[in-house]
Amino acid sequence: MFNVETYNGNREEQYQLVIKQLNALLAGETNAIANLSNASALLNQFLNQINWVGFYLVEDNELVLGPFQGLPACVRIPFGKGVCGTAALNKETVKVEDVHQFPGHIACDAASQSEIVIPLLKEDGTIMGVLDIDSPEKNRFDELDQTYLEQFVSSLMKFL
């Protein structure tokens, strides 16, 4: 039923296609865990040079590990701690070129060199969690990645 997709075209066209795939994949499904699981699997298949992609969800004023693809990860992250906690606290995307230069970085995977974290915001602005993506390469994520990953999350939020 599902196959590994080869993405053609420029990066913008590829991102647009993966967002369309997300919408088709999640259409009609209302279970948040199932949708987050498929979203992380889709991004893991789509993105190159990454070693972890997944979600942390808000529970009792901290982030708790949710569906992901990659090595076992930190289970709980306080708001304001590390890249994920900072993105959640400030409700804004945090893109880090070199995680070793980020004050308070939480090293769940020693191979991670760069990271991007996008908040999952409900329509009323309430933080629901974050999308966290790590790479074993420094400077892996650029402005184009940020723009389209934010659009990916915006589309995902319609199904949560």
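Note that the coordinates shown come from a computational prediction; the quantities given were computed from them, not determined experimentally.
Residues N44 and I50 have side chains in contact (heavy-atom distance under 4.5 Å, counting atoms from C-beta outward). A heavy-atom distance below 4.5 Å is found between the side chains of D132 and E115. Proximity of L43 to L131: side-chain heavy atoms (C-beta onward) are separated by under 4.5 Å at one or more points. Counting heavy atoms from C-beta on, the side chains of I133 and V53 come closer than 4.5 Å.
The disulfide bond (SG atoms under 2.5 Å apart) contacts involving residues 37-75 comprise C74-C108, where partners must be two or more places apart or lie in separate chains. Sorted by first and then second residue, the pairs that involve residues 23-50 and meet ring pair (Phe, Tyr, Trp, His ring centres under 6.0 Å), not counting sequence neighbours, are Y7-F46, Y15-F46. Applying the ring pair (Phe, Tyr, Trp, His ring centres under 6.0 Å) test to residues at least two apart or on different chains, none of the pairs has a partner in residues 80-126. Listed by first then second residue, pairs satisfying disulfide bond (SG atoms under 2.5 Å apart) with a partner in residues 125-160 number zero, not counting sequence neighbours.
Remark: N35 pairs with L26, E29, F159, L160 by the side-chain contact (heavy atoms from CB on, under 4.5 Å) rule, at least two apart or across chains. For T30, the side-chain contact (heavy atoms from CB on, under 4.5 Å) criterion is met by no residue, not counting sequence neighbours. The salt bridge (charged side-chain N to carboxylate O under 4.0 Å, His left out) search around E97 returns none, not counting sequence neighbours. Partners of S135 under the side-chain contact (heavy atoms from CB on, under 4.5 Å) rule, at least two apart in sequence or in another chain, are Q49, S114, E137, R140, F141. Every residue meeting the salt bridge (charged side-chain N to carboxylate O under 4.0 Å, His left out) condition with E143, not counting sequence neighbours, appears here in chain and number order: K95. The side-chain contact (heavy atoms from CB on, under 4.5 Å) check on N61 picks up nothing, with sequence neighbours excluded. Remark: K158 pairs with no residue by the salt bridge (charged side-chain N to carboxylate O under 4.0 Å, His left out) rule, at least two apart or across chains. With sequence neighbours excluded, no residue satisfies ring pair (Phe, Tyr, Trp, His ring centres under 6.0 Å) with F152.
For the residue pair E150 / Q146, a side-chain donor-acceptor distance below 3.5 Å is found, with atom types taken as modelled.
In this structure, CG on L36 lies 5.5 Å from CE on M128, to the nearest 0.5 angstrom.
Other residues, nucleotides and ligands contribute only 12 or fewer heavy atoms inside 6.0 Å of the CG atom of D60.
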